[in-house]
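Shown next, in C-alpha cells, is the structure this report addresses.
Below, all heavy atoms of this structure are taken into account, side chains as well, without hydrogens, waters or symmetry copies. Bear in mind the structure is a predicted one, so any value in this text is a computation, not a measurement.
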Protein chains: 2
Amino acid sequence: MADTFEFESDRAYGRIVELIFGGAVDPAKPLSERKLSERLGIGRMPVREALRKLEREGVVEVKPARGTFIRTVSADDLTEVYELRESLECLATRRAAMRGPSPALANCGARLRVMGRDPSAFTSREIDDVGTEFHDALIESAGSTPLEEMVRFMRMRFRLAFHLPRYFAHELVAEILLEHIALFEAIANRSPDTAEDLMRAHLRRGLQIRLDLDRSSPNLQKLTSRPKENIE
Amino acid sequence: MADTFEFESDRAYGRIVELIFGGAVDPAKPLSERKLSERLGIGRMPVREALRKLEREGVVEVKPARGTFIRTVSADDLTEVYELRESLECLATRRAAMRGPSPALANCGARLRVMGRDPSAFTSREIDDVGTEFHDALIESAGSTPLEEMVRFMRMRFRLAFHLPRYFAHELVAEILLEHIALFEAIANRSPDTAEDLMRAHLRRGLQIRLDLDRSSPNLQKLTSRPKENIE
DNA sequence: ACTGGACGACTGGTATACCAGTTACAAGCA
DNA sequence: TGCTTGTAACTGGTATACCAGTCGTCCAGT
C-alpha cells in the first residue's frame with residue numbers, strides 16, 4: 001500500500017512539468033519557488049524538491065539568489081545527444097538481437113505487424129504509443145540492468161532534447177511504424193548487424209526530424225501547449 | 001567573486017562522497033540525514049540536498065521513513081558495465097580523434113611519451129596518475145558536453161565496478177602506459193578508426209584485469225579503505 | 001516458550017522563518 | 001541629461017520544528 005503513496009513533491013513535479021512543456025509559462029522569465037508554491041497551492045519545500053529534480057534532468061537551471069531558469073537546447077546539443085543515444089541504443093539493439101525478443105517485445109512486435117498491414121486504420125496516437133512502447137521493450141530486451149539504467153538516465157537528463165510534439169502527420173508516423181517493424185524482424189531473426197544498422201538509420205532519421213522541427217519553431221515548448229491550467 | 005562561492009550543500013556532498021567511497025561507512029547500513037548532519041557538523045538541509053544529488057547520480061537510494069541506502073553493483077554486472085563503458089568511451093575516442101587533442105590532452109600525451117621512454121624511472125603511482133588524467137582529458141577532448149556528463153554519471157554510478165586497487169605490478173602498469181601512448185598517437189594523428197580500435201582493446205583488457213581481480217578478492221570495497229575520519 | 005500488539009525511537013517529508021546575495025528602480029548629485 | 005548610489009523587493013540557501021510513516025522491542029496473554 002505504501003507503493004501508491006504519493007508525496008507532495010511528486011505532485012509538484014508533475015504540475016511543473018505540465019506548466020513548462022504545456023507552454024503555460026514564459027520560458028524567458030525565471031520561475032520562482034515561492035510563486036510556484038503559491039500558484040500550485042503546494043508548500044515551498046516540495047516545489048523546491050521538484051525543481052531540483054528538474055535541474056538534474058537538465059530542464060531547468062538554478063541560479064542562487066537570481067532565479068530558476070528554463071533551459072533551452074542548441075542544435076549542437078541536439079546532435080551530440082542523439083550521438084549519445086545512438087551509441088547506447090545501438091548497443092541495446094545488438095544485445096537484443098543476440099538474445100532474441102523478450103515477451104514484452106514480442107507482444108509489441110505482434111501489434112506493430114498488425115498495424116503495419118493497414119496503418120490508415122489506426123490513429124497517429126495509437127501508432128505512436130506502440131512505437132514508444134517498442135523502444136522501451138527493446139531496451140529491456142537487451143537484458144543488461146546497467147544499460148537499462150543508463151538509457152533511463154539519459155532520457156531523463158536530456159529530456160528537453162528528446163521532447164517532441166506527440167502527433168505528427170499520419171504519413172510520417174506510418175513511415176516510422178515501418179522502420180519499427182523492420183527493426184523487430186531483424187531482432188526476431190537474431191541478426192545483430194542488420195538490427196544495429198537499422199537502428200542507427202532510424203535514430204539518425206529521428207534527429208533530422210527533430211532538427212527540422214527545431215528550425216521551424218525555435219520555442220519548442222509551445223508545440224504541445226494545452227494550457228488547461230493557468231492560475232489556481 | 002560569486003564564482004568561488006561555495007554552499008554548505010557542496011561541502012556536504014564532497015564529504016559524503018569521501019565517506020562512501022573512502023570506506024568509512026558500512027554500505028550495508030542506511031545513512032541517516034540527521035546522523036550525517038551531526039557527524040559532519042553541517043545542517044540537515046544541506047546534507048539532504050547532497051543526498052538528493054547522490055540519489056540522482058545513482059549512488060544512493062532514498063526510502064522514505066526507512067533510510068538512505070548505498071547502492072552496490074553485483075559482480076555479474078561487471079561485464080555489462082564494461083560494455084557500457086566501451087560504448088561511451090569509444091565514441092569519445094572517435095570524436096577526440098576527429099577533433100584532435102585538446103591542450104590538456106596534448107600536455108598529458110607529452111608526459112606519457114616521456115614516461116614511455118623509460119618506464120622504470122617512474123613509480124607505478126606516477127604512471128597510474130597520468131593514466132587517469134589521460135582518460136579524463138580524452139573525454140574532455142571529445143568536445144561534447146552531453147557525452148562528458150554521461151560518462152561522469154556512469155563512472156559515479158558504477159564506481160564500484162570500475163574500482164581498482166591503485167597500484168599493480170610495475171610491469172603491468174608499464175604495459176598500460178604503452179597502450180595509452182599508442183592511443184594518444186592515434187588521436188594526435190587524427191585516425192578515428194585506429195583510435196577507436198585501440199580503445200576497445202584497451203578497455204577489454206581492463207575488464208579482464210578487473211575480472212581476475214574480482215575472482216581473487218570478492219570484497220573489493222575494502223581495498224582502498226582509508227577510514228581517516230570516523231567521528232567528528 | 002510462544003505469539004500478538006502496543007509503544008517508542010527511529011526514518012524521510014514538509015512548513016515556516018530567517019539569512020545573504022542579487023537586481024531593479026528611483027532619488028540625488030554632477 | 002546622465003551617472004551614481006542606496007534602498008527595497010525580490011531570489012535561492014539554510015535552520016528548526018513538527019508530521020507521518022516504519023520497525024524493533026518488550027511486555028501481556030496464551
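If one axis is set at each end of the helix from C:dA1-D:dT30 to C:dA30-D:dT1 from five pairs, those axes are 10° apart, to 10°.
The salt bridge (Lys or Arg N to Asp or Glu O under 4.0 Å) test applied to B:Arg111 returns B:Glu133, not counting sequence neighbours. Scored by the salt bridge (Lys or Arg N to Asp or Glu O under 4.0 Å) test, B:Glu89 finds B:Arg85, B:Arg155 as partners (sequence neighbours excluded). Here B:Glu140 pairs with B:Ser102 under the side chain to side chain donor-acceptor pair (under 3.5 Å) rule; sequence neighbours left out. The salt bridge (Lys or Arg N to Asp or Glu O under 4.0 Å) check on A:Asp77 picks up nothing, with sequence neighbours excluded. Residues passing the side chain to side chain donor-acceptor pair (under 3.5 Å) test with B:Thr79: none are found, sequence neighbours excluded. By the ring pair (Phe, Tyr, Trp, His ring centres under 6.0 Å) test, A:Tyr13 pairs with no residue at all, sequence neighbours left out.
OP1 or OP2 of D:dT14 sits under 4.0 Å from a side-chain N or O of B:Ser9.
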Show me the donor-acceptor pairs within less than 3.5 Å that the side chains of residues 25-35 of chain A make with the rest of the protein, sequence neighbours left out.
residue, atom, partner, partner atom, Å
A:Asp26, OD1, A:Ala28, N, 2.9
A:Ser32, OG, A:Arg34, N, 3.3
A:Ser32, OG, A:Lys35, N, 3.3
A:Glu33, OE1, A:Arg44, NE, 2.8
A:Glu33, OE1, A:Arg44, NH2, 2.8
A:Glu33, OE2, A:Arg48, NH1, 3.1

Where do N or O atoms of nucleotides 9-11 of chain C meet protein N or O atoms at under 3.5 Å, pair by pair?
residue, atom, partner, partner atom, Å
C:dT11, OP1, B:Ser32, OG, 2.8

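For residues 57-69 of chain B, every residue pair satisfying the salt bridge (Lys or Arg N to Asp or Glu O under 4.0 Å) rule, not counting sequence neighbours, is listed here: A:Arg56-B:Glu57.
The CD atom of B:Glu8 sits 16 Å away from the P atom of C:dC19 (whole-angstrom rounding). A:Arg11 places its CZ atom 16 Å from the P atom of C:dG13, with the value rounded to the nearest Å. Following rounding to the nearest Å, A:Phe7 (CZ) and C:dA15 (P) show an atom-to-atom distance of 13 Å. Rounded to whole angstrom, the span from the OH atom of B:Tyr13 across to the P atom of D:dG13 amounts to 16 Å.
With respect to the salt-bridge test (charged N to carboxylate O, under 4.0 angstrom), the residues A:Glu196 and A:Arg200 qualify. Taking a cutoff of 4.0 Å between a charged side-chain nitrogen and a carboxylate oxygen, B:Asp128 and B:Arg125 do not qualify as a salt bridge.
Among B:Leu91, B:Leu88, B:Leu84, the one residue that satisfies the side-chain contact (heavy atoms from CB on, under 4.5 Å) test with B:Met150 is B:Leu88.
Within the model, atoms OG1 of A:Thr93 and CE of A:Met98 stand 11.0 Å from one another, a figure rounded to the nearest 0.5 Å.
Contacts between residues 43-53 of chain A and DNA chain C, counted as heavy-atom distances below 4.0 Å, involve A:Gly43, A:Arg44, A:Met45, A:Pro46. The stretch residues 54-62 of chain A comes close to DNA chain D through A:Val62, each having a heavy atom under 4.0 Å from the strand.
Nearest heavy atom pair, residue A:Pro146 against residue B:Glu80, reads CD-OE1, 3.2 Å.
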